[in-house]
Amino acid sequence: MAPKLPLKARLEHSENVAGGTAVQDHDAHHSSGPLRWLLTTNHKEIGTLYLIFSLTMFLIGGAMALVIRLELFQPGLQLVRPEFFNQMTTMHGLIMVFGAVMPGFVGLANWMVPLQIGAPDMALPRLNNFSFWLLPVAFLLLLSTLLMPGGGPNFGWTFYAPLSTTYAPPSTTFFILAMHMAGISSILGAINIIATILNLRAPGMRLMDMTLFVWTWLITAFLLIAVMPVLAGVITMMLLDINFGTSFFNAAGGGDPVLFQHLFWFFGHPEVYIMILPAFGIISVIVPAFARKPLFGYASMVYATASIAILSFLVWAHHMFSVGLPLIAELFFMYTTMLIAVPTGVKVFNWIATLFRGSITFETPMLFALAFIVLFTIGGFSGLMLAIAPADFQYHDTYFVVAHFHYVLVPGAVFSIMAAVYYWLPKWTGHYPDECLGRWHFWLSVIGVNLLFFPMHFAGLAGMPRRIPDYALQFADFNMASSIGGFLFGFSQLLFVWVVIKCVRGGVTAPAKAWDGATDLEWSVPSPAPLHTFETPPDLRRVAG
Amino acid sequence: MRKTYVLAALITGLAGLERNALANGWNMPVGVTEVSRHVHGLHMTIFWICVVIGAVVFSVMFYSLFRYRRSKGAQAANFHEHTTVEIFWTAIPLLILVAMAIPATATLRHMYDASEADLEVMVTGHQWRWHYDYVGEDVGYFSNLTTPREQIDGTQAKDANYLLEVDQPLVLPVDRKVRLLMTSSDVIHSWWVPDLAVKKDAIPGFVNEAWTRIDEPGIYRGQCAELCGKDHGFMPVVVHAMAQDEFDAWLAERKQEAAAAASGVDRNWTLPELMERGEQVYGSICASCHQPEGQGLPPTFPALVGNQALLEDLEGHIDTVVNGVAGTPMPAFSGTLNAVDIAAVITFERNAWGNDTGDIIQPSTIQAQLSP
């Protein structure tokens with residue numbers, strides 16, 4: 001096992017600790033004025049753009065979720081018609097997955113990967129700019145479909161054919177174009193991250209010296225390159241079915257609607273891990289910092305991440321247990337899915353072993369990280385239950401599934417992004433986020449999120465299908481509780497926006513090393529990090545002898 | 001000793017909680033078939049395994065958080081690896097999973113054996129109703145939601161079976177193995193009754209199979225589980241299970257009714273007769289897309305009121321209803337409605353809501369198209 005610890009010690013031998021000394025020369029050729037943000041190729045500025053975009057999409061997607069929860073507050077149709085309800089569930093899913101969570105992680109990668117590997121910038125800065133600016137265009141187009149005749153996409157974020165082809169609203173072609181743009185953005189972003197990590201590590205930094213955040217992003221980027229083209233393929237087939245008379249998914253023309261699902265989930269399941277592996281990396285960075293103890297089982301964390309990534313290509317049909325797969329396929333996908341519990345368990349055990357005999361404090365980033373461990377594990381448990389194919393016939397397409405994937409995505413992926421923001425805000429802004437408001441935000445979020453999603457387990461087990469605008473009376477109490485939780489959670493996020501704005505404007509000044517237990521490379525540059533860092537890479541080569 | 005008592009009390013308490021959860025509809029139903037009881041058993045087993053693992057893992061976690069607080073002067077240790085422990089916590093979950101996979105495999109194999117069925121029913125999903133066809137019996141009918149619009153819109157109090165009530169349930173005999181063949185005429189639907197532990201997708205171009213053997217007579221309710229468009233939330237599944245002799249009597253009666261309904265193809269129908277029958281058919285079949293007043297939901301579902309292209313082209317109108325329109329949601333009704341119903345509904349559409357064409361379409365005209 002490669003020792004991870006000596007990095008800091010080695011850093012102290014290095015001659016270029018801060019790397020911020022030559023900053024002044026570079027500001028001269030940086031564009032200013034209104035075009036500055038449009039033309040920037042700086043990884044920190046692009047990271048900020050990604051994060052602002054992600055937060056905006058999070059609030060828009062969240063507002064749509066509140067429309068859903070408001071309609072479901074009571075049985076009956078009160079607020080919206082079913083046609084619009086379906087557009088809300090679809091857009092909520094698409095925006096949260098492709099607009100909020102993925103760009104959120106890419107933003108964090110832009111900011112932190114170069115800082116954590118001692119690189120001056122991303123390897124391909126102009127490509128980086130292009131990857132970002134594709135996204136606002138894609139999502140403006142996607143949102144504009146809501147105003148088109150027949151409305152926006154109304155077939156769920158999984159857009160199963162033929163509901164999304166033959167039976168889809170006319171705006172679907174624009175939806176496809178928007179998804180293509182978001183997909184190209186992801187692929188280019190992933191290429192950039194791989195190129196950066198493999199080529200620009202500081203001299204002496206081996207792969208097994210990298211932080212878990214960099215490692216998980218490296219693996220995630222490979223997943224993105226592998227599966228986003230599959231998504232591109234499947235939506236192109238939809239495009240041809242809709243506009244050019246082909247019958248890929250049209251049974252009447254000899255096509256195969258189930259083929260759509262195989263292709264979609266071959267993309268979709270790795271996509272699920274694309275949204276959680278960077279979260280594992282973030283938690284693996286934050287927990288040791290506040291337990292003041294090195295991460296337990298660094299190497300096994302890397303191997304577990306890689307195992308999960310490989311297994312993610314072998315489990316896709318567990319989303320399709322009820323489509324009538326042959327028995328042998330059901331068994332294969334049941335076993336492989338259950339197997340994922342092993343590396344995932346290793347990760348949770350490692351985090352807890354890191355806490356064990358630490359010296360623990362509970363600043364806001366740590367609170368979010370701890371809530372992540374507990375609540376993500378609960379989402380993992382329901383995932384294990386869903387893996388049992390015979391039982392999945394009862395769980396499939398019910399609110400139990402909705403509860404499961406929201407547990408891994410909201411107190412999972414989203415909490416990890418929030419933990420990361422609280423953790424790195426001092427590095428980004430030079431100020432600590434307001435600890436008191438941060439705690440308020442944490443506790444309101446954690447109470448809200450559980451009140452929102454926990455009753456969904458019961459509603460699903462009791463028999464409530466997902467994606468319905470109205471429901472039978474026995475589900476009323478669960479839905480009312482969820483809606484109250486939804487509003488609590490939703491409005492608490494305005495507090496988060498306020499904390500971030502307040503932190504950008506001012507606050508307690510943070511030193512270079514803002515958290516006393518933090519040991520990674522980014523804490524060696526000043527806070528706030530100057531526009532250009534590590535222009536001369538820090539020398540991490542071992543001192544002879 | 002004391003610990004044992006506490007443990008026993010805890011287990012009794014949890015078991016009580018489980019029964020309570022079941023009684024209050026917080027848990028998966030045990031159901032009324034052997035398969036549903038197996039599935040419930042698997043569900044509870046994996047659930048308790050998760051609870052126990054969770055209890056152990058979270059105990060260690062919260063103990064660590066409590067015991068090793070810096071505010072209580074905890075000094076951090078520096079260990080970061082322990083090969084034995086790591087092998088242990090990789091191997092133990094693996095063994096638990098193998099133990100879980102064995103009964104799950106057995107149940108799944110059982111569920112997949114649809115052979116030697118006593119009765120076969122073809123279940124066809126339509127936007128947004130189910131069609132049941134008793135294979136080889138010449139009995140087939142649509143099953144439509146009957147919850148009144150007023151209850152959905154909140155102007156009327158909601159019934160106990162709000163949204164789970166249909167005009168004609170699927171009737172099945174108890175203690176017989178029933179093979180269910182699933183398909184769809186439009187998009188993908190999923191036929192689900194929790195008490196039977198049957199959920200199977202109805203996919204256009206595919207015929208899926210599932211089976212059930214119901215132990216107790218009764219009415220079992222479920223819903224479409226796969227998003228199938230606008231009224232996905234409004235296509236319940238209701239199964240009425242009854243004793244074999246009752247079922248036989250019911251089936252005989254349905255055969256007579258079916259014969260009677262199809263009769264009258266040869267005679268001439270009057271406009272009021274066709275309008276009355278057509279209104280019924282329109283209400284249960286067409287209104288969900290083309291709307292109760294024929295105004296449609298453009299652009300997907302065209303209006304019928306004042307639709308000149310339609311009203312000027314009688315042949316086209318008949319062809320649309322009989323054969324459907326490829327590439328659109330409009331299905332062919334030649335297989336699911338008889339000639340009288342089709343003639344009546346077309347007559348109705350051409351004369352209702354101010355579409356006063358005066359056209360009368362006789363069932364014999366339609367019959368000629370159905371069986372050329």
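With hydrogens and angles disregarded, no donor-acceptor distance shorter than 3.5 Å links the side chain of A:H457 to the backbone of A:F400. In terms of modelled atom types and a separation under 3.5 Å, the side chain of A:T354 and the main chain of A:F296 share a donor-acceptor contact.
Ring centers of B:F234 and B:W128: at least 6.0 Å apart, outside the cut-off. Ring centroid separation for the pair A:Y160 and A:F155 does not come in under the 6.0 Å cut-off.
Residue B:H82 touches chain A through both its backbone and its side chain, counting heavy-atom pairs closer than 4.5 Å. Using a 4.5 Å cut-off between heavy atoms, A:D477 makes no contact with chain B at all. For B:S185, the part sitting under 4.5 Å from any heavy atom of chain A is the backbone (N, CA, C, O) and nothing else. Only the side chain of A:M334 comes within contact range of chain B, judged by heavy atoms closer than 4.5 Å. A:Y335 touches chain B through its side chain: at least one heavy atom from C-beta onward sits under 4.5 Å away, while N, CA, C and O do not. Of the atoms belonging to A:L295, it is backbone heavy atoms, and not side-chain ones, that fall under 4.5 Å from chain B. With a threshold of 4.5 angstrom between heavy atoms, A:N154 approaches chain B through N, CA, C or O but not through any side-chain atom. Heavy atoms closer than 4.5 Å to chain B are found in the side chain of A:F362, but not in its backbone.
Of all the listed residues (B:G233, B:G31, B:A76, B:G205), the one sharing the greatest number of non-hydrogen pairs under 4.5 Å with chain A is B:A76. Between chain A and the residues B:P93, B:P236, B:A77, the most heavy-atom pairs under 4.5 angstrom are made by B:A77. Note: A:K293 leads A:Q78, A:R81, A:R467, A:K293 in heavy-atom pairs under 4.5 Å with chain B.
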request  = Using the side chain to side chain donor-acceptor pair (under 3.5 Å) rule, take B:H43 and A:Y395 through it: C-alpha gap first, then chi angles, then the decisive distance, then the call.
outcome  = CA-CA 10 Å; B:H43 160 67; A:Y395 307 136; 2.5 Å; yes

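Between A:A341 and A:L384, the closest heavy-atom pair is CB-CD1, 4.0 Å.
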